[in-house]
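Model, not experiment: these values are computed from the prediction. As the structure lists them, so they are numbered: ligands from 1, and atoms in each ligand from 1.
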Amino acid sequence: MSTQRAKRVLVTGAAGFLGSHLCDRLIAEGSDVLAVDNFFSGPKENLAHLAGHPRFELMRHDVTFPLYVEVDEIYNLACPASPVHYQHDPVQTTKTSVHGAINMLGLAKRTGARILQASTSEVYGDPSVHPQTEDYWGNVNPIGVRSCYDEGKRCAETLFFDYRRQHGLPIKVVRIFNTYGPRMRPDDGRVVSNFIMQALRGDDITIYGDGSQTRSFCYVDDLIEALVRMMATPADVTGPINLGSTGEFTMLELAAAVTELTGSASKIVFEDLPSDDPTQRKPDTTLARNTLGWQATTPLRDGLERTIAYFRTLVAEVQ
Ligand SMILES: NC(=O)c1ccc[n+]([C@@H]2O[C@H](COP(=O)([O-])OP(=O)(O)OC[C@H]3O[C@@H](n4cnc5c(N)ncnc54)[C@H](O)[C@@H]3O)[C@@H](O)[C@H]2O)c1
C-alpha cells in the first residue's frame with residue numbers, strides 16, 4: 001500500500017473568481033484542497049460543483065482572524081479585487097490584506113508550508129515606467145480612495161519579505177495584472193464584465209475618459225497555470241514576479257471587440273475618468289518567461305468568447 005498522501009493545499013479567497021479556478025486546477029492535479037472564504041465578494045456557487053468531492057473542503061472563515069490547520073502549501077488570494085467591492089468597506093480591505101497576510105504567514109511559519117501571495121499590478125499605482133518591471137517601486141497615492149487596496153497589498157508584500165528575512169519562510173509573491181474569464185461577477189464594475197453585461201443587455205457601453213487608456217487582459221486559465229508554476233519553483237525563487245498578458249488594448253478596442261462578439265447593437269458613451277485611474281498599464285513579463293517558462297497565450301478574442309458564453313448563461317438564468 002502506498003503511504004504517499006495527497007498534498008494539502010489551503011486556498012484563501014477560494015470562492016472568488018481566481019480562487020475557484022485555482023481550486024478546480026488543484027483538485028484535478030490530485031491535491032487535497034482546503035478552501036477558505038468569508039463570501040464577501042465571492043459566492044459559494046463558484047465552488048458548488050466541488051461540494052462532496054472527497055479531496056475538497058470548504059470553510060467559512062475570515063482571514064483577519066488566525067487559522068489553525070495543517071497544510072503543505074498556502075495560496076493567499078483572500079481580498080476583494082474590484083474597486084466596487086474593496087471600496088465598500090475600505091478599513092476591512094486593508095485589514096484583509098495586512099492582518100490576513102500576518103495570519104497566513106504565521107500559519108506558514110508554524111506548519112513549514114510554502115506560501116504564495118496574490119499581489120497586484122496596483123502596487124505600481126499610476127506608473128511612470130512602461131511597461132512595468134518588478135524593480136519599479138511604483139507611484140501610489142497613499143490617501144486616495146484606492147489606497148486601501150494598493151497600500152494594503154504593498155504592506156502585505158513587505159510582510160512576506162520580512163517573514164522571509166526574519167524567519168526564512170519559503171515565500172512566493174506574484175503581481176497579477178488584469179485577469180478575466182468565467183465566474184467574474186457581472187456587477188463588479190471591472191471593465192470586461194461591465195462591457196459584456198452592457199452589450200448582452202443592449203445597454204449603452206460606458207467608457208470612462210476618452211477610451212484611449214490601455215490595459216492588458218490575461219485569460220484566467222493562463223493565470224492559474226502561472227500560479228501553480230510559481231508555487232513549484234525552488235525555495236530561492238521568491239518573486240515578486242509580474243503575471244499578465246503583454247497584449248495592450250485601448251478601452252475603445254475592447255468595447256469594439258465585445259460588441260462584435262456579442263452581436264450587440266449597444267452604443268458607446270463616455271463618462272468622467274474616476275480618480276487615481278491609471279492611463280496605461282502593461283506588465284514586463286520577462287522575469288515570468290525566464291523563471292517560470294510562462295507567458296499568457298490565450299488570444300483576447302478566444303478568452304472573450306468563453307467569458308461571453310458564461311455571462312450569457314447568467315443573463316438567461318435571471319430572465
Ligand atoms: N482578478 C484580477 O484581475 C486580479 C488582479 C490583481 C490581483 N488580484 C488578486 O487576486 C486575488 C483574487 O482576486 P479575484 O479576482 O478572484 O477577486 P474576488 O473578489 O473574486 O475574490 C476574492 C475572494 O476573497 C474573499 N475574501 C475577501 N475578504 C476576505 C476575508 N477577510 N477572509 C476570507 N475571504 C475573504 C472574497 O469573498 C472572495 O471570494 C485577490 O487577492 C486580488 O487582489 C486579482
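For the pair Phe17/Thr179, a side-chain contact is recorded, criterion being any heavy-atom separation below 4.5 Å from C-beta on. Leu50 places a side-chain heavy atom less than 4.5 Å from the side chain of Asp24.
Annotation: Leu77 places an N or O atom under 3.5 Å from an N or O atom of ligand 1; distance criterion only. For ligand 1, the polar-atom distance check against Ala14 finds no nitrogen or oxygen pair separated by under 3.5 Å. Note: an N/O pair closer than 3.5 Å links Lys153 and ligand 1 by distance alone. Of the polar atoms of Ser121, none of the N or O atoms is found under 3.5 Å from an N or O of ligand 1, judged by distance alone. Between Asn178 and ligand 1, no N or O atom pair is found at a separation short of 3.5 Å. Distances between N or O atoms of Asn38 and those of ligand 1 include at least one value under 3.5 Å. In terms of polar-atom proximity, defined here as any N/O pair under 3.5 Å, Ser41 does make such a contact with ligand 1. Looking at Val63 next to ligand 1, an N or O pair under 3.5 Å apart turns up. Checked against a 3.5 angstrom limit, the closest N/O atoms of Gly16 and ligand 1 fall inside it.
A cation-pi arrangement is absent between Arg183 and Tyr310, since the terminal nitrogen or guanidinium carbon is not both under 6.0 Å from the aromatic centre and inside a 45° cone about the axis. Cation-pi geometry between Lys44 and Phe39 is met: under 6.0 angstrom from the ring centre, within 45 degrees of the axis.
With respect to Glu225 and Arg229, a salt bridge is recorded, a charged nitrogen being found less than 4.0 Å from a carboxylate O. We find that Arg301 and Glu260 are joined by a salt bridge, their nearest charged nitrogen and carboxylate oxygen being less than 4.0 Å apart. Ion pair Lys7/Asp72 not flagged as a salt bridge, since none of the NZ, NE, NH1 or NH2 atoms sits closer than 4.0 Å to an Asp/Glu carboxylate oxygen. A salt bridge between Glu122 and Arg146 is present, with a side-chain N of the basic residue lying under 4.0 Å from a carboxylate O of the acidic one.
The atoms of ligand 1 that sit less than 4.0 Å from any heavy atom of Pro80 are 19 (O), 27 (C), 28 (N). Atoms of ligand 1 lying under 4.0 Å from any heavy atom of Gln92, numbered from 1 in the order shown and given with element: 31 (N). Near Phe39, meaning under 4.0 Å from any of its heavy atoms, are these atoms of ligand 1: 37 (O). Counting the atoms of ligand 1 from 1 in the order shown, those under 4.0 Å from a heavy atom of Ala78 are 24 (O), 33 (C), 34 (N), 35 (C).
Atom 42 (C) of ligand 1 has Tyr149 OH, 3.4 Å as its closest protein atom, hydrogens excluded (heavy atom only). In this structure, the protein non-hydrogen atom closest to atom 22 (C) of ligand 1 is Cys79 O, 3.2 Å. Among protein heavy atoms, atom 37 (O) of ligand 1 sits closest to Asp37 OD1, 2.6 Å. Atom 4 (C) of ligand 1 has as its closest protein heavy atom Ile176 CG2, 3.9 Å. In terms of protein heavy-atom proximity, atom 17 (O) of ligand 1 is closest to Ala81 CB, 3.3 Å. Closest protein heavy atom to atom 10 (O) of ligand 1: Leu18 CD1, 3.6 Å. In this structure, the protein non-hydrogen atom closest to atom 2 (C) of ligand 1 is Arg190 NH1, 3.4 Å.
Counting only N and O atoms by type, the side chains of Ser128 and Asn139 include no donor and acceptor under 3.5 Å apart. Counted by atom type alone, Lys172 and Thr238 present zero donor-acceptor pairs between their side chains at under 3.5 Å.
Contacts between His61 and ligand 1 below 4.0 angstrom, taking non-hydrogen atoms only, involve the backbone exclusively.
Under a 3.5 Å cut-off, the side chain of Arg114 and the backbone N or O of Met231 do form a donor-acceptor pair.
Around NE2 of His167, the count of heavy atoms belonging to other residues, nucleotides or ligands within 6.0 Å exceeds 12.
For Arg183, the closest heavy-atom approach to ligand 1 does not fall below 4.0 Å. Ligand 1 is never approached by Thr12 to a heavy-atom distance shorter than 4.0 Å.
Under the 4.5 Å side-chain contact rule for hydrophobic residues, Ile27 and Leu10 do not share a cluster.
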